[in-house]
Visitor: 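Can you read through this structure? Questions will come right after.
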Amino acid sequence: IGTSVHGVVWVLGIDPVPGGYTPFKWNGSDWDSYPGGLTRIAVDRQGNAWGINSNNTIFRWHGSGWSSLPGEATEISIGAEGTVWIIGTNAVPGGYSPYKWDGSNWTQMPGGLTRITVDPFGNAWGINDDNTIYRWNGSGWEGLPGQATDIGVGADGTVWIIGTNAVAGGYGIYKWNGSNWDGVSGGGVGIAVRSDGYAWIVNTSNEILRYTEER
């Protein structure tokens, strides 16, 4: 699942197609299907999806079709101001190398991650293969408390994670309070955060859930 700064939401379905799973876009009341097959998805400021397929090829939706981009990736995320980060396919300690889009190609960044999200300032937050949480500060990675299996940040800077403690629906859900993580109800396996800081969750039953209670 992926969301944009303006609230556009894309998801991947559950029925296999060549390349992965069918992408869908929320129209306000239901999901419109789109061509192609992807395994990971993110959404840019214009509401267009960027995705990765089962061959690790990177694609960008341009309004009427998909165009391919250089490089290969396992994860992708886009910040509210448009910065795009990916996790590549070259194994390093901690997972795989992260890269940042410069407008025409990918600049390799230090470290190793397995999950990534991008905050409103263009800085990545990530998780490595030990479930340790990190935040890029502009010059290096800062370790954060807790452990996570997925992470998302909204355009307002609100950060949510899926933890490592098994609960009904997947794993515990938590929200960053500036110094630590506050638990919220429910369980999930995937997360994205809207521009207003509310989370969308996918659980182990492949249900899509949207948080609406006061944050």
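Side chains included, hydrogens not; waters and symmetry mates left out as well; all remaining heavy atoms used.
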Visitor: Please check if the side chain of Glu81 supplies one atom and the backbone of Thr83 the other of a donor-acceptor pair under 3.5 Å.
Guide: yes
Visitor: Hydrogens and angles aside, do Asn56 and Thr89 bring a side-chain donor and acceptor to less than 3.5 Å of each other?
Guide: no
Visitor: Do the side chain of Ser205 and the main chain of Glu207 share a donor and acceptor less than 3.5 angstrom apart?
Guide: no
Visitor: Would you find a donor on one side and an acceptor on the other, under 3.5 Å apart, between the side chain of Asn128 and the backbone of Thr132?
Guide: yes
Visitor: Write down the atom of Tyr21, the atom of Leu12, and the distance for their closest heavy-atom approach.
Guide: O-CD2, 4.0 Å
Visitor: Examine distances only and state if a side-chain atom of Thr149 and a backbone atom of Gly163 form a donor-acceptor pair shorter than 3.5 Å.
Guide: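 Present.
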Visitor: Taking side chain as C-beta onward, heavy atoms only, is Tyr174 less than 4.5 Å from Asn180?
Guide: no
Visitor: Is a donor from one side chain sitting under 3.5 angstrom from an acceptor on the other, for Asn105 and Thr107?
Guide: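 No, no side-chain donor-acceptor pair sits under 3.5 Å.
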Visitor: Output, in order, the C-alpha distance, side-chain angles, deciding distance and verdict of ring-ring contact (aromatic ring centres under 6.0 Å, His included) for Tyr211 and Trp160.
Guide: CA-CA 12 Å; Tyr211 270 82; Trp160 294 64; 5.2 Å; yes
Visitor: Taking the side chain as C-beta and beyond, is there a heavy-atom pair between Arg135 and Asn123 under 4.5 Å?
Guide: no
Visitor: Between Ser68 (side chain only) and Phe59 (backbone N and O only), is there a donor and an acceptor less than 3.5 Å apart?
Guide: no
Visitor: Quick check: does any side chain N or O of Thr39 sit under 3.5 Å from a backbone N or O of Gly20, one acting as donor and the other as acceptor?
Guide: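 Absent.
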Visitor: How long is the span from the CG atom in Asp30 to the CG atom in Asp32, to the nearest 0.5 Å?
Guide: 7.0 Å
Visitor: Would you call Trp50 and Ile41 a side-chain contact if the rule is heavy atoms closer than 4.5 Å?
Guide: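 No, too far: nothing below the 4.5 Å cut-off.
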Visitor: Report yes or no: do Ile191 and Leu209 belong to one cluster of Ile/Leu/Val/Met/Phe/Trp/Tyr joined by side chain heavy-atom distances under 4.5 Å?
Guide: yes
Visitor: What's the shortest heavy-atom distance between Thr22 and Val17, and which atoms?
Guide: OG1-CG1, 3.4 Å
Visitor: Are Tyr134 and Met109 grouped together when hydrophobic residues (ILVMFWY) are joined by side-chain heavy atoms under 4.5 angstrom apart?
Guide: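 Yes, Tyr134 connects to Met109 through the hydrophobic network.
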Visitor: Among the clusters formed by ILVMFWY side chains lying less than 4.5 Å apart, do Ile1 and Trp26 turn up in the same one?
Guide: yes
Visitor: Heavy-atom distance under 4.5 Å between the side chains of Lys100 and Trp106, does that happen here?
Guide: no
Visitor: I want to check something: taking the side chain as every heavy atom from C-beta on, are Trp176 and Trp181 in contact at a cut-off of under 4.5 Å?
Guide: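 Yes, their side chains come closer than 4.5 Å.
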Visitor: Kindly say whether Asn55 contributes a backbone atom to a donor-acceptor pair with the side chain of Asn53 at under 3.5 angstrom?
Guide: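 Yes: the side chain of Asn53 pairs with the backbone of Asn55.
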Visitor: Looking at Asp182, is its backbone amide N or carbonyl O close enough to the side chain of Asn177 to form a donor-acceptor pair, meaning the two atoms are under 3.5 Å apart?
Guide: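 No: the side chain of Asn177 does not pair with the backbone of Asp182.
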Visitor: Taking Val8's backbone N and O only, do any of them form a donor-acceptor pair with Ser4's side chain (distance below 3.5 Å, no angle check)?
Guide: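 Yes; at least one donor-acceptor contact below 3.5 Å.
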Visitor: Establish whether Val153 and Ile161 are linked, either directly or via other cluster members, by ILVMFWY side-chain heavy-atom contacts under 4.5 Å.
Guide: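 Yes; Ile161 is reachable from Val153 via cluster members.
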Visitor: Could you tell me whether the side chain of Arg210 and the main chain of Ala199 form a donor-acceptor pair under 3.5 Å?
Guide: no
Visitor: Within the structure provided, determine whether Asp150 and Tyr171 are in side-chain contact (heavy-atom separation under 4.5 Å).
Guide: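 A side-chain contact under 4.5 Å is absent here.
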Visitor: Below 4.5 Å, heavy atoms only, C-beta onward: do Ile78 and Val118 meet side chain to side chain?
Guide: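 When only atoms from C-beta onward are counted, Val118 and Ile78 do not touch, as no gap falls below 4.5 Å.
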Visitor: Side-chain heavy atoms under 4.5 angstrom apart, residues restricted to Ile, Leu, Val, Met, Phe, Trp, Tyr: same cluster for Trp10 and Leu38?
Guide: yes
